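A quick note: this is a predicted structure, and the numbers were derived from the prediction, not measured. Here, residue 1 is the first one in the sequence, and each next residue gets the next number. Just follow the structure's listing: the first ligand is 1, and inside any ligand the first atom is 1.
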Amino acid sequence: MVSEIVKANVEIVFGLGTKIGLKPLSEDTPKQQPPGFSVFRKEDATRAAELAERLMVIAEDKGLDSATAFAAEVSETNPGLARHALGIFSTHSAMGRNIRLPSLLRRTAAFAARTAAKGEEVTLGSKSTGEEVALDWFREDPLANEHHEHWHIVYPNRVAPARIKQRHGELFYYMHQQMLARYDVERLSAGLKPVAPLADLRSSLGSGYDPGQLETSYLDYEPREPGKTMAGDLADLILLDERLARAASTHRLGPAGEEVLLEGHQGSNLLGLEAESTSLQRFEEFHGNHHGDGHGHIAAASVRNTNRSTGVMADTATAIRDPAFWRWHRHIDDIHFSYQDSLDPHTFDEQLDVQLKGISLQPEESDSPAGPGSDELRTFMRSGRYKLTNEKTYKYDFLSHEPFQFRVDLQNTADGPRPVTLRVFLLPSALFSIDADPTTVSGRQMRRFAIELDKVKIDVPAGEMSFVRKGRDSSVIRRPAVVDPGEVADIEGGDQSATAECTCGWPFGLLVPRGTVDGMHFKLFAMLTDNAADRIGSPKKCGSMSFCGVGDQYPDAKPMGYPFDRRLTAPLGQLVATNPTMALRDVSIHWQDAVG
Ligand SMILES: [Cu+2]
């Protein structure tokens with residue numbers, strides 16, 4: 001438990017309180033005139049990391065009251081800096097882990113309702129333009145935005161090299177790639193094409209974005225008109241872009257004469273460390289700050305671009321709301337994909353004593369055996385209401401689904417128990433055909449749409465066993481699972497599940513795609529690997545193992561996204577038919593509310 005002083009200081013940093021105490025935000029709370037801060041700018045991210053180190057020293061010497069008081073003081077002149085530093089402090093130091101950051105939902109609500117009348121119900125009113133409107137519900141999801149913000153706090157790019165976590169660069173690519181796979185499946189169900197990469201950096205960003213009532217204590221977010229291009233001088237970014245693309249295709253990082261060879265998934269890691277300009281970057285001059293600069297040039301394309309007024313792309317807590325975020329990240333992913341695609345495929349020759357007889361997806365608590373046939377799952381859109389002071393209410397939308405579980409049938413032919421890793425993916429049939437030739441140009445793209453659903457260690461005794469795993473325990477999601485984002489908007493005190501590390505993870509409600517009214521078709525794919533070699537340990541207590549690691553470790557020796565991190569050599573259906581450690585199952589997802 002932390003003191004009232006610490007709580008008050010944290011509120012001040014996020015612009016939610018005043019020095020006197022926890023006075024609720026009101027219309028007359030003055031906006032500060034900050035020097036401008038964006039975590040995507042290298043210098044700003046570096047300064048935030050330095051401030052976080054300083055907070056750690058103060059906390060050690062004088063305690064949390066003093067450390068947070070210092071952060072509150074800094075927030076008076078540079079709130080963005082103080083906010084990001086406090087986030088890093090709260091995840092990267094033992095003392096800091098006692099702090100609870102205010103939830104993004106509460107922060108968003110407090111500012112959206114700033115000027116609302118007593119008793120009024122407010123919404124953010126944020127929206128994109130044109131056909132992209134169909135995906136607003138997904139990009140605006142409160143917990144998806146919070147996940148993205150917290151990922152960049154758990155994996156900050158400019159902290160001291162010793163604090164950069166294991167496989168940071170590889171996870172930078174993998175986590176964002178999985179977000180893209182999910183986004184593209186949702187686009188498909190809305191009748192839209194997969195997101196178009198921003199391949200030509202001088203071309204139109206396409207749809208516009210209006211952030212509505214979105215703001216923070218130090219930023220007004222600005223709309224961007226449709227048809228704008230990245231703003232500013234793009235010559236440097238284009239050069240960085242060409243260099244990274246060349247590194248991906250030649251497997252050589254850095255300038256001529258100093259190149260570092262890229263190999264296997266360690267190569268993904270090295271490439272990612274350069275793309276994101278982490279402090280473990282080897283060629284800071286040559287490879288620059290590719291990912292962050294792109295965010296900056298898109299944010300700058302908004303109607304006004306000043307220190308206190310810019311596009312949502314300047315901030316990790318808001319960036320994914322903008323359709324352009326996905327276009328920029330699909331381009332970044334294309335560079336990484338071209339690297340992965342040129343690596344040798346997996347051979348799947350691992351010998352296992354355990355066979356996977358089948359998998360099914362069924363309602364939670366169901367005790368029926370997997371059996372033949374196909375499975376169905378229903379989803380629903382829901383609205384939540386978060387009560388603010390002064391009787392104001394903030395209304396938000398989120399996706400929900402029926403509680404489900406996986407059931408797998410296993411057979412262990414050895415004399416004793418064997419540990420295996422179960423890996424579960426969802427493949428959208430329209431984008432990933434199990435019969436298509438994966439060695440063709442279009443077939444090679446399919447693996448990009450494989451959605452990770454779960455990864456878990458199973459100790460299989462000799463003989464046959466049926467193993468049940470609940471969706472709410474998935475390694476992908478923020479755990480404990482949150483159904484309505486409002487449930488956790490005010491968690492504080494001793495609740496471990498509110499630490500920034502625990503709130504890093506994909507939202508439970510978005511674990512499965514929304515599907516369509518008529519039912520959208522998927523293949524559930526499951527695979528067993530040798531857990532003794534994978535080194536996946538006991539499950540993480542909270543947060544997401546797959547997207548956020550465990551502590552400083554990433555507890556899976558296989559490349560992230562395995563087996564879909566490389567091109568396949570044969571149609572997946574054929575691989576499954578000849579491989580006793582793999583299984584497939586038909587699943588259809590029905591979106592229920594749109595009926596009638
Ligand atoms: Cu990101």
- Message: Suppose we only count N/O/S atoms under 2.8 Å; would His291 qualify as near the Cu ion (ligand 1)?
- Response: no
- Message: By the definition ring pair (Phe, Tyr, Trp, His ring centres under 6.0 Å), identify the one residue from Trp328, Tyr173, Phe325, Phe40 that meets it with His291.
- Response: Phe40
- Task: Could you tell me how the ring of His84 sits relative to the ring of Phe37: parallel (under 30°), tilted (30 to 60°) or perpendicular (over 60°)?
- Result: tilted
- Task: Report the angle formed at the Cu ion (ligand 1) by atom NE2 of His152 and atom NE2 of His148, rounding to the nearest 10°.
- Result: 100°
- Query: Taking the six-membered ring of Tyr209, is the NZ or CZ of Arg321 close enough (under 6.0 Å from the centre) and on axis enough (within 45°)?
  - Reply: no
- Message: Using a 6.0 Å distance limit plus a 45 degree cone around the ring axis, check whether Arg243 lies over the aromatic ring of Phe286.
- Response: yes
- Output the atom name for the N/O/S atom of His176 with the smallest distance to the Cu ion (ligand 1). NE2
